[in-house]
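Labels below follow one simple rule: chain letters A, B, ... track the order of the sequence lines, proteins then strands, and each chain is numbered from 1.
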Amino acid sequence: GENVEQHPSTLSVQEGDSAVIKCTYSDSASNYFPWYKQELGKRPQLIIDIRSNVGEKKDQRIAVTLNKTAKHFSLHITETQPEDSAVYFCAASPPPEDSGNTPLVFGKGTRLSVIA
Amino acid sequence: ETGVTQTPRHLVMGMTNKKSLKCEQHLGHNAMYWYKQSAKKPLELMFVYSLEERVENNSVPSRFSPECPNSSHLFLHLHTLQPEDSALYLCASSHDISYEQYFGPGTRLTVT
């Protein structure tokens with residue numbers, strides 16, 4: 001089955017700097033890669049996702065890149081702000097028609113701290 | 001943020017008690033999930049239901065018993081829990097398995 005590794009487990013950056021979180025996956029059939037943000041005391045929420053037919057997707061200060069050959073994808077946050085401080089989870093999933101009963105597989109999370 | 005709701009939000013129970021957690025989704029989704037979130041295992045998948053059928057049980061102790069009476073409701077029945085079961089229990093739903101999941105606010109469980 002799918003296995004997702006996420007690095008680093010913790011990350012501290014100065015406000016205004018960029019932050020990068022990386023994930024690798026094992027199942028080459030996976031084609032959907034969402035990222036979730038979980039603020040302290042709140043639920044995980046989807047912030048951006050990418051499908052394997054594109055290599056990069058951007059939404060304001062956040063972007064995700066995908067390298068299918070190397071089986072890794074990354075979250076990039078530019079001009080970080082204190083409100084970006086949270087735990088970020090990556091996930092991977094095979095296509096619905098191939099997945100059978102396989103749900104999203106999550107990484108172990110990265111705790112990002114943005115220091116003002 | 002009312003697509004997936006969970007009750008209660010906080011629960012304190014003794015090891016001999018029986019309690020139930022409830023999850024309800026208003027999104028018309030077909031799949032529902034229970035996760036345990038603790039410091040040691042950030043997002044530990046417990047159970048998956050698709051169209052009210054259980055499709056995954058990740059070696060969860062029998063003191064946790066899920067129930068899915070319809071596609072909108074999911075329960076987690078608890079009995080004779082251990083202190084190490086104290087955690088945040090998150091419910092989620094998705095259109096179908098492998099699609100993006102929407103999480104509820106969680107139930108903070110403390111076992112004394």
Following the transitive rule for hydrophobic clusters with a side-chain heavy-atom cut-off under 4.5 Å over Ile, Leu, Val, Met, Phe, Trp and Tyr, establish whether [X] and [Y] coincide in one cluster.
| X | Y | value |
| --- | --- | --- |
| A/V4 | B/L90 | no |
| A/I48 | A/F33 | yes |
| A/I47 | A/V87 | no |
| B/L88 | B/V12 | no |
| A/I21 | B/L43 | no |

**Prompt:** Checking A/P44 against chain B: side chain, backbone, both or neither under 4.5 Å from a heavy atom?
**Reply:**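 Backbone plus side chain of A/P44, per the 4.5 Å heavy-atom cut-off to chain B.
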**Region of A/L46 that comes under 4.5 Å of a non-hydrogen atom in chain B** =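 Only the side chain of A/L46 comes within 4.5 Å of chain B.
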**Message:** Run the side chain to side chain donor-acceptor pair (under 3.5 Å) test on A/Y32 and B/E100 for me, step by step, so that the C-alpha distance in whole Å, both residues' side-chain angles and the decisive distance to 0.1 Å come before the verdict.
**Reply:** CA-CA 9 Å; A/Y32 176 61; B/E100 62 267 29; 3.3 Å; yes
**Message:** For a quick test of reading the model, state the closest non-hydrogen atom pair linking A/P103 to B/Q101 and the distance between them.
**Reply:**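 Distance-wise, the nearest heavy atoms are CB-NE2, 4.2 Å.
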**Request:** Identify the two heavy atoms, one from A/R43 and one from B/G104, that lie closest to each other, and give their separation to 0.1 Å.
**Result:**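 Between these two residues, the closest heavy atoms are CB-O, 3.1 Å.
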**Asked** Atom OH of A/Y36 and atom CZ of B/F103: how far apart are they, to the nearest 0.5 Å?
**Response**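 Rounded to the nearest 0.5 Å, the OH-CZ separation comes out at 5.5 Å.
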**Asked** In terms of heavy-atom proximity below 4.5 Å to chain A, should B/Q37 be classed as side chain, backbone, both, or neither?
**Response**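 Answer is side chain: those atoms of B/Q37 sit under 4.5 Å from chain A.
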**Request:** Flag yes if more than 12 heavy atoms outside A/Q81 fall under 6.0 Å of its CD atom; otherwise flag no.
**Result:**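 Yes - once you tally the heavy atoms of other residues, nucleotides and ligands closer than 6.0 Å, there are more than 12.
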